[in-house]
Structure formats: structure tokens, C-alpha cells
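Naming convention: chains lettered A, B, ... in sequence-line order (proteins, then strands); numbering from 1 in each chain. None of these values were measured; they are calculated from a predicted model.
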There are 2 protein chains.
Amino acid sequence: MDLFVSRYFNKIDKKGRVSFPSSFRNVLPKTNKSEIILYKSIKTESIEGCGVERLKEIAKRINNLDFFSEDYDDFSTSIFSEIVPTKIDKEGRFLIPPELKDYAKITNEAAFYGKGHFFQIWEPKNGLNSSETSRKRLLNEKKSLRTILTQQK
Amino acid sequence: MDLFVSRYFNKIDKKGRVSFPSSFRNVLPKTNKSEIILYKSIKTESIEGCGVERLKEIAKRINNLDFFSEDYDDFSTSIFSEIVPTKIDKEGRFLIPPELKDYAKITNEAAFYGKGHFFQIWEPKNGLNSSETSRKRLLNEKKSLRTILTQQK
DNA sequence: TATATACCCATTGACGCCCATATAATCCCA
DNA sequence: TGGGATTATATGGGCGTCAATGGGTATATA
């Protein structure tokens, strides 16, 4: 499985360390399993992150936007300048950068949400509320996991 | 037969393990017979699942969406974090993820229902009640297998 | 020097992996 | 085609490993 999937709730210890979920670690490239990049989620009150190699992909996507558009400016500012490279220790733990931790209002527990090619880190209650909202929106739009997962080409 | 069909009632042992029905295992791709993905059924109090290969297709599709669109966000949010990849051991058994187990109110026995391209896992009594209800509803609507099987497009 | 963090080592409970058995299904050969 | 032998499936249990977590000490940085 080379995708960030599922959800994990991990404790933050007295030193501020938190375990990066084992299954997430396995998604990171073999060449660099000890570093991730973190940044503020643009649309939500959460931290977003991915492996370093994904950064290049993001750069490409942003580069494809109209160079003179507001979006280009906004995205490149809010993403690149906000990125915090973060090291993962031998036990698979890392320190959540203080600014991001504050931004997401995380205190003593962190919820890790798999999002495919990236992941999000939430204050647990906020995370639950947010996914509940998503779930309801899906129901209203009559889309369900089943329709998406089982549809044939 | 590359479809999930028929119904099986399997016991959950002291360690929480349950056999994934042999005929279901044969539906999984030869390349990966030891992993399935599970998620909450949206419309019923049951667990739904399928092989991992579908997930990868979805990931590919989602990745092709506009990186900054609402759709990209919505899909990745509602799909990836809800999915629980689950390993099947050498004997064909697996652990039902606790959250899903609770959701379906499963305790010491699980009913596996083949649904074609996916399957469902029910608490046995709930499963029986649900299929009985379905049967009656079909009868009331005067639909029969024959109508469905013989209708032309 | 004070504070933070990198680097060790320890603990615990859960899980993966292995081996075992009973029953059911299948096969094979006379 | 019958009946014994072989194989497959569901199930039970032991044990080593790993993930998450806790904490001590050296090292760095300001």
C-alpha cells in the first residue's frame, strides 16, 4: 500500500513527541523514511504533510497555474514559505512544529488522517467534526464510498 | 468466479480473528491475496469491503483531478481516511478493526455476504433481518429476479 | 548556564507468524 | 462406483516481534 490511508489517534508525550503512524512511515520513499514536510492546510484548521518527494509534485501543479493569477501568488506564498521540514527519530516519532501545532490547536493528542498522497494532522475533536461534515455532504450528494469503490469502468 | 457470492457464518476466536471465506479469498487478485480494505457501509449497519486494487484505481483517478479543486479535497477526505487496510494471515484469517466491529455491533460471530464486486460483514442476526426486509420490499414492489434478469436495455 | 532536542534504552500490549487439530470436501484407484 | 487416502478449510493456541509510549542522559544552541 503506497498511499496514506486510515486514521490514527496518537498521544503527545511530555516532551512533545508523537509517533508517526507506522503505516504512514511505510508510504515514505525507502530512500528517505526519516523526513516529512509539514505545512498549514489552506482550507482547514489542520496540518498537512507528505514525504519530501511529493513537494516536487506540488511545485509542478502550482507552476501550471497562471503565473499572474492571484491563485499563483496565494498558493506559492501559503505553501512554500510555510513548509516546515521535520525529522522523524529512530522510534518513528517527531516534534510537531510549535507554529503548526498552535494553528491546529493541538495539545496532547493528534489525529492522523490518511488522504491518499498526503495526510492531515488534526486536533482529535476537530478532526471528527470535520469528517462528520464531509460525510453528511456526501450523503446529500448521494455519493457513497460503495458507488465510488465498486463502479466499473 | 471473480465475484463475491453466497453467504458464510464464521466464528470469531478469543484473539478476535475470523476466517475470510475461502471463496472470497479466491476473488482477490493473484498479486495480492493477503490484503483487503474495509469501511463502514453508509446505508446499513454493516462493514463493506473489497480488494485493494480498486483503491489504487481510485487514487489514480483522484490524483488526476485539479489539485486545488473542491472535488479533490472532498474525495480524498471522504475516501482515504475512512478506509482500513486489513491483512489476511496465512490461514486466511484477519482481525476486524475495532471501530468497524463496534459500528456493525459484531461480537463473536460474523456473517459474510457476497455482493458481487464487494462484500458485506454483518452481525448474524442483523444480517438475516436485513435480507428478510430486502426480500419483502422486493415482493411488495413486484420485482422479481426474473424481471431483472430478463429486462432489456 | 538554561532550555531544548537528539540519541539511547526500557516497557507493555497487540499483532504477526508459526504449528496443531478437527471436520469437511475432494481425489484416486481398485 | 465405493471407500480409503489426501487435501482444504475453519478453528485453537504459543511465542517472538514490533509499534506506541515513557524516560534518562549527552549534546547543542542561545
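Across all strands shown, Ser19(A) has heavy atoms under 4.0 Å from base atoms, whether or not it also approaches the sugar-phosphate. Within 4.0 Å of Asp13(A), counting heavy atoms only, lie sugar-phosphate atoms of the nucleic acid but no base atom. Among the atoms of the strands shown, none is found under 4.0 Å from any heavy atom of Tyr8(B). At a threshold of 4.0 angstrom between heavy atoms, the contacts of Asp89(A) with the nucleic acid are absent.
Of the residues Ile47(A), Val84(A), Thr86(A), the one that meets the side chain to side chain contact (heavy atoms under 4.5 Å, CB included) test with Ile96(A) is Ile47(A).
Atom CD1 of Ile88(A) and atom C1' of dA20(D) are 14 Å apart (whole Å). If you take CG of Asn10(B) and P of dA24(C), they are 14 Å apart, rounded to a whole angstrom. With rounding to whole Å, Lys87(A) atom NZ is found 12 Å from dC7(C) atom C1'. The nearest whole Å value for the distance from the CZ atom in Phe9(A) to the C1' atom in dA20(D) is 16 Å. When the C1' atom of dG12(D) is taken as reference, atom CD1 of Ile12(B) falls 15 Å away, rounded to whole Å. One can place NZ of Lys101(B) at 12 Å from P of dA14(C), the figure rounded to the nearest angstrom. Taking atom CD of residue Glu109(A) and atom C1' of nucleotide dA20(D), one finds them 12 Å apart after rounding to whole Å. Here the P atom of nucleotide dA10(D) and the CZ atom of Phe94(B) are 12 Å apart, to the nearest Å.
Look at Lys60(B) and Glu57(B) and you find no salt bridge, because none of the NZ, NE, NH1 or NH2 atoms lies under 4.0 Å from a carboxylate O. Using a 4.0 Å cut-off between charged side-chain N and carboxylate O, Arg7(A) and Glu99(B) make a salt bridge. Note on Glu48(B) versus Lys40(B): no salt bridge recorded, every NZ/NE/NH1/NH2 to OD/OE distance being 4.0 Å or above.
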* Check the pair Lys115(A), Thr77(B) against side chain to side chain contact (heavy atoms under 4.5 Å, CB included), reporting the backbone distance first and the verdict last. => CA-CA 6 Å; Lys115(A) 301 273 169 170; Thr77(B) 296; 3.1 Å; yes
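Among dT21(D), dC7(C), dG14(D), the nucleotide with an atom closest to any side-chain atom of Arg17(B) is dG14(D). In the set dA20(D), dA6(C), dG13(D), the nucleotide with an atom closest to the side chain of Leu95(A) is dA6(C).
Residue side chain Glu91(B) reaches the base of dC19(C) through a donor-acceptor N/O pair under 3.5 Å, judged by distance alone. Between the base of dG16(C) and the side chain of Arg93(B) there is no donor-acceptor pair shorter than 3.5 Å.
For the OP1/OP2 pair of dG12(D) and a distance below 4.0 Å, the side-chain nitrogens and oxygens of Lys14(B) include no atom meeting the criterion.
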